[in-house]
Structures are given as structure tokens and as C-alpha cells.
Amino acid sequence: MGVHRHRNSKDRGHPPRGSAGFTLIELLIVMIILGLLAALVAPKMFQKVGSSKQKAAKAQIALLGTALDAYRLDIGRYPSTEEGLDALRKNPGHTGWDGPYLPKDVPPDPWGRAYLYRSPGEHGDYDLVSLGADGQDGGEGENADVNSWDN
């Protein structure tokens with residue numbers, strides 16, 4: 001019969017030498033590689049965030065423009081600057097008002113500020129503007145204004 005080797009209590013649950021898992025050096029190398037990858041990818045992702053906020057502002061302005069057009073069909077004119085965009089949710093006292101023209105309250109722009117509304121506008125029947133990331137007129141890239149007349 002074959003010889004059976006009995007394990008003593010010290011050998012139980014411990015892997016044999018040489019297969020102890022990752023060494024500290026291997027873990028450090030993996031962390032360095034992940035850090036380099038993150039350094040290469042992160043700037044590209046942050047550029048996408050800025051352009052996506054610009055696209056979101058354009059989409060919201062288009063949605064608000066549709067609601068303003070529906071308001072105009074019922075009332076015969078766009079809300080005045082004083083009535084503002086709140087006239088799309090609450091009747092400012094007009095008999096032909098058939099709203100609300102938006103399912104929810106007027107959202108802030110993607111940077112958390114209120115849209116600027118003016119009627120009559122300088123560029124059309126109304127002007128609807130988001131000032132971009134910097135909150136100031138003009139700018140480029142993520143700081144550029146998003147205007148209703150550019151859509």
C-alpha cells in the first residue's frame with residue numbers, strides 16, 4: 001500500500017511557499033499603472049462634462065421655447081419680462097391661459113442658475129439665455145452663453 005503523509009496541525013489552511021499571492025512590489029506597480037491611466041483619461045472626461053452641460057442647456061432652452069410657443073398660441077403673445085417664465089406654470093391672470101405649459105417648475109440651467117428671460121427680446125420675440133459656467137456675459141467653451149436665438 002502507498003505511504004500516506006499526514007499533515008500536522010501547522011500545515012492546515014496555509015498555502016505552500018511561493019504561492020502567497022501578490023507581493024507589495026506587484027501591488028505598487030498595478031497602482032502606478034492605474035494612476036497613469038487615470039491621469040490620461042480624466043482630462044478627456046472633464047472636457048465631456050463641460051460640453052454635455054452646454055448640450056443640456058440647449059435642450060432645456062428648446063423645451064422652454066416649445067412651452068412659450070404654446071403659451072403664445074393661447075394668449076396671443078409671449079409672457080412679458082415681468083411675468084417671466086413662471087407664467088408657464090401659474091396663470092398670471094389671463095382668461096385664455098390653458099396651462100400649465102410645463103409638467104414641473106422651470107428648471108435652473110445646468111450650472112444651477114435661473115435662465116434669463118426678456119420679452120420682447122433684442123434678438124426676437126423673446127430672449128432666453130444661460131450665461132454658462134462662469135455666470136457672465138460672453139465666454140468660450142464651457143463659459144460660453146447659450147441663447148435661444150442660436151438654437
Side-chain angles (χ1 to χ4, degrees), residues 1-73 78-90 92 99-151:
M1 300 241 170
V3 177
H4 292 349
R5 181 173 173 241
H6 294 285
R7 293 178 124 190
N8 63 25
S9 63
K10 288 192 233 175
D11 291 340
R12 272 192 210 134
H14 297 289
R17 283 187 187 254
S19 63
F22 294 110
T23 65
L24 182 59
I25 298 292
E26 290 170 331
L27 288 174
L28 287 173
I29 290 171
V30 169
M31 290 173 61
I32 290 170
I33 291 171
L34 289 175
L36 290 171
L37 286 173
L40 293 173
V41 172
K44 296 286 184 193
M45 294 308 293
F46 288 128
Q47 288 174 358
K48 298 282 185 201
V49 169
S51 66
S52 67
K53 285 188 175 186
Q54 288 281 322
K55 289 177 185 173
K58 288 178 184 179
Q60 284 180 335
I61 285 176
L63 173 74
L64 292 171
T66 301
L68 287 165
D69 290 340
Y71 179 98
R72 180 179 173 222
L73 285 173
Y78 290 105
S80 67
T81 303
E82 293 76 28
E83 293 168 337
L85 296 174
D86 289 337
L88 299 173
R89 291 283 298 157
K90 299 176 195 130
Y101 299 95
L102 291 173
K104 296 181 181 178
D105 288 339
V106 177
D109 72 7
W111 298 276
R113 290 185 290 277
Y115 284 98
L116 304 177
Y117 174 77
R118 185 174 41 239
S119 178
E122 295 174 9
H123 302 277
D125 292 327
Y126 65 87
D127 292 348
L128 188 55
V129 180
S130 168
L131 296 177
D134 63 358
Q136 299 177 8
D137 284 330
E140 294 181 13
E142 191 178 351
N143 294 330
D145 298 350
V146 182
N147 306 304
S148 58
W149 58 91
D150 290 338
N151 283 343

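Here the structure is a predicted model, which means the values were calculated and not measured.
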Mind checking the [atom1]-[atom2] spacing from [X] to [Y]? Nearest 0.5 Å is all I need.
{"X": "L37", "Y": "I32", "atom1": "CG", "atom2": "CD1", "value": "12.5 Å"}
{"X": "L68", "Y": "L102", "atom1": "CG", "atom2": "CG", "value": "8.0 Å"}
{"X": "D137", "Y": "N143", "atom1": "CG", "atom2": "CG", "value": "12.0 Å"}
{"X": "L36", "Y": "M31", "atom1": "CG", "atom2": "CE", "value": "12.0 Å"}
{"X": "Y115", "Y": "L85", "atom1": "OH", "atom2": "CG", "value": "10.0 Å"}
{"X": "D109", "Y": "L116", "atom1": "CG", "atom2": "CG", "value": "8.5 Å"}

(request) Return the orientation label for the Y101 and Y71 ring planes: parallel under 30°, perpendicular over 60°, tilted otherwise. (result)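 Judged by the thresholds at 30° and 60°, the geometry between Y101 and Y71 is perpendicular.
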Heavy-atom pair with the smallest gap, counting every atom of [X] and [Y]:
{"X": "W111", "Y": "S130", "value": "CZ3-OG, 3.5 Å"}
{"X": "R89", "Y": "K104", "value": "CD-O, 3.0 Å"}
{"X": "Q60", "Y": "P110", "value": "OE1-CD, 3.7 Å"}

Please answer whether the main-chain N or O of [Y] pairs with a side-chain N or O of [X] as donor and acceptor at a distance below 3.5 Å.
{"X": "D127", "Y": "R118", "answer": "no"}
{"X": "S119", "Y": "T81", "answer": "no"}
{"X": "R72", "Y": "A67", "answer": "no"}

(message) What I'd like to find out is whether the side chain of V129 reaches to under 4.5 Å of the side chain of W149, using heavy atoms alone.
(response)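 Counting from C-beta outward, V129 and W149 do come under 4.5 Å.
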(message) Run the ring-ring contact (aromatic ring centres under 6.0 Å, His included) test against Y117 and tell me which residues pass, sequence neighbours left out.
(response)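 ring-ring contact (aromatic ring centres under 6.0 Å, His included) check on Y117 returns nothing, list empty.
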